Amino acid sequence: MKKQFVIAGTDTNIGKTILSSLLMCGFDDLSYWKPVQSGLEDETDTDVVRELSGCADDRIIGEAYRLNQPLSPHLSARLDGVTIDTSRLVVPERSPLVIELAGGLLVPITDDVLQIDIVKRWNLPVILATRSSLGTINHSLLSIEAMRSRGIEIAGFVPIGEHNPENERAVERMGRIKLIGRIGRIGQIDRASLEHEFQTHFTPLRTLLQ
(Lines give C-alpha, C1' and ligand atoms only; values in the text may rest on other atoms or scores of the structure.)
Protein backbone atom coordinates (compact mmCIF):
# COMPACT_ATOMS: atom_id res chain seq x y z
CA MET A 1 0.00 0.00 0.00
CA LYS A 2 1.28 3.47 -0.85
CA LYS A 3 2.01 5.69 2.13
CA GLN A 4 1.52 9.23 0.92
CA PHE A 5 0.29 12.11 3.06
CA VAL A 6 -0.51 15.78 2.59
CA ILE A 7 0.74 18.25 5.20
CA ALA A 8 -1.78 21.08 5.45
CA GLY A 9 -1.85 24.03 7.82
CA THR A 10 -4.64 25.97 9.47
CA ASP A 11 -2.92 29.18 8.31
CA THR A 12 0.32 30.41 6.78
CA ASN A 13 3.55 30.23 8.84
CA ILE A 14 2.09 27.50 11.02
CA GLY A 15 5.19 25.31 10.89
CA LYS A 16 4.45 22.92 8.02
CA THR A 17 8.05 23.13 6.80
CA ILE A 18 9.45 22.35 10.26
CA LEU A 19 7.06 19.39 10.50
CA SER A 20 8.14 18.21 7.05
CA SER A 21 11.81 18.54 8.04
CA LEU A 22 11.18 16.60 11.25
CA LEU A 23 9.57 13.76 9.32
CA MET A 24 12.42 13.70 6.82
CA CYS A 25 14.81 13.36 9.79
CA GLY A 26 12.75 10.57 11.30
CA PHE A 27 12.29 8.40 8.21
CA ASP A 28 15.31 7.62 6.05
CA ASP A 29 13.21 6.50 3.08
CA LEU A 30 10.71 9.38 3.09
CA SER A 31 10.50 11.75 0.10
CA TYR A 32 9.30 15.36 0.11
CA TRP A 33 7.43 17.47 -2.44
CA LYS A 34 6.30 21.09 -2.32
CA PRO A 35 4.17 21.45 -5.48
CA VAL A 36 3.86 25.25 -5.46
CA GLN A 37 6.43 27.61 -3.93
CA SER A 38 5.47 31.27 -3.54
CA GLY A 39 8.44 33.44 -2.63
CA LEU A 40 11.99 32.98 -3.90
CA GLU A 41 13.84 35.89 -2.31
CA ASP A 42 14.85 33.93 0.79
CA GLU A 43 15.32 30.20 1.27
CA THR A 44 12.46 28.20 -0.18
CA ASP A 45 10.65 25.62 1.91
CA THR A 46 12.38 22.90 -0.10
CA ASP A 47 15.76 24.48 0.71
CA VAL A 48 14.90 24.53 4.42
CA VAL A 49 13.81 20.87 4.43
CA ARG A 50 16.99 19.85 2.61
CA GLU A 51 19.20 21.83 4.99
CA LEU A 52 17.54 20.83 8.27
CA SER A 53 17.15 17.16 7.43
CA GLY A 54 20.50 16.74 5.68
CA CYS A 55 18.79 14.33 3.33
CA ALA A 56 20.09 13.17 -0.03
CA ASP A 57 18.95 15.20 -3.04
CA ASP A 58 17.14 12.21 -4.53
CA ARG A 59 14.63 12.37 -1.65
CA ILE A 60 13.59 15.90 -2.66
CA ILE A 61 11.22 16.34 -5.60
CA GLY A 62 11.40 19.65 -7.41
CA GLU A 63 8.49 22.08 -7.31
CA ALA A 64 6.01 22.16 -10.17
CA TYR A 65 5.81 25.96 -9.89
CA ARG A 66 8.30 28.44 -8.40
CA LEU A 67 6.76 31.88 -8.04
CA ASN A 68 8.67 34.99 -7.06
CA GLN A 69 6.41 36.84 -4.62
CA PRO A 70 5.51 35.52 -1.13
CA LEU A 71 1.79 35.84 -1.84
CA SER A 72 -1.17 33.58 -2.48
CA PRO A 73 -0.20 31.40 -5.49
CA HIS A 74 -2.97 32.77 -7.70
CA LEU A 75 -1.72 36.33 -7.21
CA SER A 76 1.98 35.52 -7.28
CA ALA A 77 1.48 33.65 -10.55
CA ARG A 78 -0.43 36.57 -12.04
CA LEU A 79 2.37 38.99 -11.13
CA ASP A 80 4.93 36.62 -12.68
CA GLY A 81 2.88 36.26 -15.85
CA VAL A 82 2.51 32.54 -15.18
CA THR A 83 -0.59 30.44 -15.72
CA ILE A 84 -0.83 27.59 -13.23
CA ASP A 85 -2.11 24.46 -14.92
CA THR A 86 -3.47 22.37 -12.07
CA SER A 87 -3.38 19.24 -14.23
CA ARG A 88 0.41 19.38 -13.77
CA LEU A 89 0.00 18.91 -10.03
CA VAL A 90 0.14 15.14 -10.18
CA VAL A 91 1.36 13.20 -7.15
CA PRO A 92 4.78 11.64 -7.86
CA GLU A 93 5.15 7.88 -7.83
CA ARG A 94 7.02 7.82 -4.53
CA SER A 95 6.25 6.04 -1.29
CA PRO A 96 6.49 7.00 1.48
CA LEU A 97 5.93 10.64 0.53
CA VAL A 98 4.86 13.85 2.24
CA ILE A 99 3.44 16.75 0.23
CA GLU A 100 3.63 20.20 1.81
CA LEU A 101 0.92 22.63 0.75
CA ALA A 102 1.29 26.38 0.21
CA GLY A 103 -0.45 28.08 3.14
CA GLY A 104 -3.93 27.08 4.29
CA LEU A 105 -6.41 24.71 2.69
CA LEU A 106 -8.62 27.40 1.14
CA VAL A 107 -5.75 29.32 -0.46
CA PRO A 108 -6.49 30.02 -4.16
CA ILE A 109 -4.11 28.25 -6.53
CA THR A 110 -5.78 29.88 -9.53
CA ASP A 111 -8.69 32.29 -9.84
CA ASP A 112 -11.02 29.28 -9.97
CA VAL A 113 -9.32 26.52 -7.97
CA LEU A 114 -8.71 26.35 -4.23
CA GLN A 115 -5.91 24.27 -2.79
CA ILE A 116 -8.43 22.04 -1.03
CA ASP A 117 -9.90 21.14 -4.45
CA ILE A 118 -6.54 19.69 -5.45
CA VAL A 119 -6.24 17.81 -2.15
CA LYS A 120 -9.66 16.30 -2.81
CA ARG A 121 -8.53 15.23 -6.28
CA TRP A 122 -5.41 13.57 -4.91
CA ASN A 123 -7.53 11.49 -2.50
CA LEU A 124 -4.74 11.29 0.10
CA PRO A 125 -5.00 11.55 3.90
CA VAL A 126 -4.09 14.88 5.46
CA ILE A 127 -1.87 15.61 8.46
CA LEU A 128 -3.11 18.94 9.83
CA ALA A 129 -0.47 21.26 11.33
CA THR A 130 -2.03 23.65 13.85
CA ARG A 131 -0.94 26.40 16.19
CA SER A 132 -0.94 25.52 19.88
CA SER A 133 -1.86 29.07 20.95
CA LEU A 134 -5.05 31.12 21.30
CA GLY A 135 -7.26 30.94 18.21
CA THR A 136 -6.23 27.46 17.22
CA ILE A 137 -9.52 25.81 18.20
CA ASN A 138 -11.51 27.96 15.79
CA HIS A 139 -8.99 27.68 12.94
CA SER A 140 -8.55 23.94 13.44
CA LEU A 141 -12.26 23.14 13.58
CA LEU A 142 -12.93 25.24 10.48
CA SER A 143 -10.19 23.38 8.58
CA ILE A 144 -11.50 20.02 9.78
CA GLU A 145 -15.05 20.93 8.78
CA ALA A 146 -13.90 22.05 5.32
CA MET A 147 -12.14 18.72 4.75
CA ARG A 148 -14.91 16.55 6.16
CA SER A 149 -17.54 18.29 4.01
CA ARG A 150 -15.51 17.27 0.94
CA GLY A 151 -14.89 13.71 2.08
CA ILE A 152 -11.15 14.23 2.64
CA GLU A 153 -9.54 11.76 5.04
CA ILE A 154 -7.77 13.31 8.03
CA ALA A 155 -4.91 11.26 9.48
CA GLY A 156 -4.60 13.49 12.54
CA PHE A 157 -3.24 16.80 13.78
CA VAL A 158 0.08 18.12 15.08
CA PRO A 159 0.05 21.25 17.30
CA ILE A 160 3.18 23.41 17.01
CA GLY A 161 4.38 25.81 19.70
CA GLU A 162 4.14 26.07 23.48
CA HIS A 163 2.39 23.01 24.92
CA ASN A 164 -1.28 23.82 25.53
CA PRO A 165 -3.08 20.68 26.76
CA GLU A 166 -6.54 22.27 26.89
CA ASN A 167 -6.39 23.43 23.28
CA GLU A 168 -5.18 19.98 22.23
CA ARG A 169 -8.03 18.28 24.10
CA ALA A 170 -10.61 20.66 22.63
CA VAL A 171 -9.47 20.13 19.04
CA GLU A 172 -9.22 16.37 19.53
CA ARG A 173 -12.64 16.07 21.18
CA MET A 174 -14.68 18.60 19.20
CA GLY A 175 -12.99 17.86 15.91
CA ARG A 176 -13.11 14.07 16.42
CA ILE A 177 -9.51 13.97 15.26
CA LYS A 178 -6.44 12.16 16.59
CA LEU A 179 -3.41 13.91 18.09
CA ILE A 180 -0.52 12.19 16.29
CA GLY A 181 2.44 14.36 17.32
CA ARG A 182 3.55 17.61 18.88
CA ILE A 183 6.35 20.10 18.23
CA GLY A 184 7.22 22.31 21.20
CA ARG A 185 9.32 25.44 21.45
CA ILE A 186 12.74 24.62 20.01
CA GLY A 187 15.62 26.93 20.83
CA GLN A 188 18.04 25.82 18.13
CA ILE A 189 16.27 24.23 15.19
CA ASP A 190 18.61 21.67 13.64
CA ARG A 191 18.63 17.98 12.81
CA ALA A 192 19.47 16.93 16.37
CA SER A 193 16.63 18.93 17.94
CA LEU A 194 14.14 17.72 15.33
CA GLU A 195 15.19 14.11 15.84
CA HIS A 196 14.65 14.58 19.58
CA GLU A 197 11.13 15.94 19.01
CA PHE A 198 10.40 13.04 16.66
CA GLN A 199 11.51 10.39 19.13
CA THR A 200 9.78 12.07 22.08
CA HIS A 201 6.42 13.19 20.70
CA PHE A 202 5.62 11.31 17.49
CA THR A 203 4.92 7.69 18.40
CA PRO A 204 1.35 7.78 16.94
CA LEU A 205 2.53 9.32 13.67
CA ARG A 206 5.41 6.88 13.29
CA THR A 207 2.90 4.06 12.96
CA LEU A 208 1.35 5.78 9.94
CA LEU A 209 4.55 5.81 7.90
CA GLN A 210 6.30 2.65 9.08
Side-chain angles (χ1 to χ4, degrees), residues 5-23 32-46 48-49 52 63 65 67 69-77 84 89 98-110 113-120 122 124-150 152-186 189 194 197 201 205:
F5 294 85
V6 175
I7 296 181
T10 54
D11 199 353
T12 191
N13 294 324
I14 285 292
K16 299 187 305 300
T17 304
I18 297 300
L19 174 56
S20 298
S21 300
L22 178 147
L23 295 178
Y32 167 87
W33 184 42
K34 173 94 174 187
V36 179
Q37 171 67 46
S38 290
L40 302 178
E41 184 175 337
D42 299 317
E43 281 187 313
T44 66
D45 293 336
T46 298
V48 172
V49 169
L52 288 178
E63 303 95 331
Y65 290 95
L67 307 170
Q69 302 300 320
L71 303 168
S72 173
H74 82 296
L75 178 55
S76 188
I84 294 180
L89 303 179
V98 290
I99 303 169
E100 181 185 348
L101 299 183
L105 284 158
L106 268 63
V107 163
I109 296 298
T110 71
V113 179
L114 299 175
Q115 191 157 233
I116 198 169
D117 299 324
I118 296 170
V119 174
K120 170 63 176 176
W122 286 340
L124 295 175
V126 171
I127 297 170
L128 184 64
T130 73
R131 298 189 198 281
S132 64
S133 56
L134 183 66
T136 193
I137 298 173
N138 178 63
H139 292 161
S140 299
L141 295 182
L142 285 171
S143 296
I144 292 165
E145 183 174 307
M147 288 189 282
R148 288 240 169 88
S149 69
R150 292 165 172 82
I152 295 171
E153 180 184 352
I154 308 171
F157 77 107
V158 176
I160 301 172
E162 198 72 40
H163 186 205
N164 191 319
E166 182 51 41
N167 281 349
E168 290 179 6
R169 282 193 292 268
V171 171
E172 191 168 24
R173 182 179 65 254
M174 298 176 189
R176 306 185 311 281
I177 184 175
K178 185 176 181 181
L179 176 73
I180 56 175
R182 178 191 303 116
I183 300 176
R185 292 290 183 189
I186 303 175
I189 301 177
L194 292 178
E197 290 292 307
H201 298 301
L205 191 148

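Worth saying up front: this structure is predicted, and the values here are computed from it rather than measured.
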(request) Looking only at non-hydrogen atoms, find the nearest pair between R148 and G175 and report the distance. (result)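 That would be NH1-O, 2.8 Å.
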(request) Could you give me the CA-CA distance, side-chain angles and deciding distance for I180 and V158, then say whether side chain to side chain contact (heavy atoms under 4.5 Å, CB included) is met? (result) CA-CA 6 Å; I180 56 175; V158 176; 3.9 Å; yes
(request) Would you check, one step at a time, whether the test side chain to side chain contact (heavy atoms under 4.5 Å, CB included) holds for T17 with L52? (result) CA-CA 10 Å; T17 304; L52 288 178; over 6 Å; no
(request) Could you go through the side chain to side chain contact (heavy atoms under 4.5 Å, CB included) check for N164 and T136 one step at a time? (result) CA-CA 10 Å; N164 191 319; T136 193; over 6 Å; no
(request) Run through I18, T130, I183, L22 and flag the one making a side-chain contact (heavy atoms from CB on, under 4.5 Å) with I160. (result)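 It is I183; the other options fail the test.
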(request) Could you tell me whether a side-chain N or O of S72 sits under 3.5 Å from a main-chain N or O of L75, the two making a donor and an acceptor? (result)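 No: the side chain of S72 does not pair with the backbone of L75.
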(request) Kindly say whether D45 contributes a backbone atom to a donor-acceptor pair with the side chain of K34 at under 3.5 angstrom? (result)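 A pair under 3.5 Å: no.
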(message) If I take atom CG from residue L179 and atom NE2 from residue H201, how far apart are they, to the nearest 0.5 angstrom?
(response) 10.5 Å
(message) Checking Q115 against L105 for the side chain to side chain contact (heavy atoms under 4.5 Å, CB included) test, could you report, in this order, the C-alpha distance in whole Å, the side-chain angles of both residues, the deciding distance, and whether it holds?
(response) CA-CA 6 Å; Q115 191 157 233; L105 284 158; 5.8 Å; no
(message) Between R169 and E172, does any side-chain N to carboxylate O distance fall below 4.0 Å?
(response) no
(message) How close do R131 and I14 get, counting heavy atoms only, and between which atoms?
(response) CG-CD1, 3.3 Å
(request) Taking the side chain as every heavy atom from C-beta outward, state whether V119 and R150 have any pair of such atoms under 4.5 Å apart. (result)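 Not touching, per the 4.5 Å side-chain cut-off.
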(request) Would you check if V36 and L89 make a side-chain contact, meaning some heavy-atom pair closer than 4.5 Å? (result)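 Yes, side chains in contact.
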(request) Report the C-alpha separation of T46 and E63 in whole Å, then their side-chain angles, then the decisive distance to 0.1 Å, and conclude whether the side-chain hydrogen bond (donor to acceptor under 3.5 Å, both in side chains) test is met. (result) CA-CA 8 Å; T46 298; E63 303 95 331; 3.2 Å; yes
(message) Looking at E162 and S132, would you say the former's side chain and the latter's main chain have a donor-acceptor pair under 3.5 Å?
(response)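 Checked: no pair found.
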(request) List the atom of I127, the atom of A155, and the distance in Å for their closest heavy-atom pair. (result)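 Looks like CG1-CB, 4.2 Å.
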(message) If you define the side chain from C-beta out and look only at heavy atoms, does anything of I7 sit under 4.5 Å from L23?
(response)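 I7 reaches L23 side chain to side chain.
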(request) Say whether, by atom type as modelled, one donor and one acceptor occur between the side chain of S38 and the main chain of L67 under 3.5 angstrom. (result) no
(message) So I118 and L101, do their side chains get closer than 4.5 Å, heavy atoms only?
(response)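 L101 does not reach I118 side chain to side chain.
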(request) Please say whether more than 12 non-hydrogen atoms of neighbouring residues, nucleotides or ligands are located less than 6.0 Å from CD in E41. (result)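 No, the 6.0 Å shell around CD holds no more than 12 heavy atoms from other groups.
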(message) Looking at E145, I'd like to know if its CD atom is crowded, meaning that more than 12 non-hydrogen atoms belonging to other residues, nucleotides or ligands lie closer than 6.0 Å.
(response)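 At most 12 heavy atoms, drawn from other residues, nucleotides or ligands, come within 6.0 Å of this atom.
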(request) Of all the heavy-atom pairs spanning V126 and A8, show the shortest one and how long it is. (result) CG1-CB, 3.7 Å
(message) For a quick test of reading the model, state the closest non-hydrogen atom pair linking L106 to L114 and the distance between them.
(response)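 Nearest pair, atom of L106 first, then L114: O-CD2, 3.4 Å.
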(request) Could you tell me whether the side chain of F157 reaches within less than 4.5 Å of the side chain of T10, counting heavy atoms only? (result)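 Not in contact.
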(request) Check E43 against V48 and note the closest heavy-atom contact, atom names and distance. (result)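 That would be OE1-CG2, 3.8 Å.
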(request) Enter the distance from I154:CD1 to S143:OG here, rounded to the nearest 0.5 Å. (result) 9.0 Å
(message) For the NZ atom of K16 and the CG atom of L128, what is their distance to the nearest 0.5 Å?
(response) 10.5 Å
(request) Please check if the side chain of N138 supplies one atom and the backbone of G135 the other of a donor-acceptor pair under 3.5 Å. (result)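 Flag not set: sc N138 to bb G135 has no pair under 3.5 Å.
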(message) Under a 3.5 Å distance rule, please check whether E100 uses its side chain to pair with a backbone N or O of Y32 as donor and acceptor.
(response)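 The answer is no, because no donor-acceptor pair under 3.5 Å joins these two groups.
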(request) Please round to the nearest 0.5 Å and tell me the distance separating atom CD of E153 and atom CE of M147. (result)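 E153 atom CD to M147 atom CE measures 11.0 Å (nearest 0.5 Å).
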(request) Would you check if the side chain of T44 reaches a backbone N or O of L40 as a donor-acceptor pair within less than 3.5 Å? (result)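 Pair absent, no side-chain N/O of T44 close to backbone of L40.
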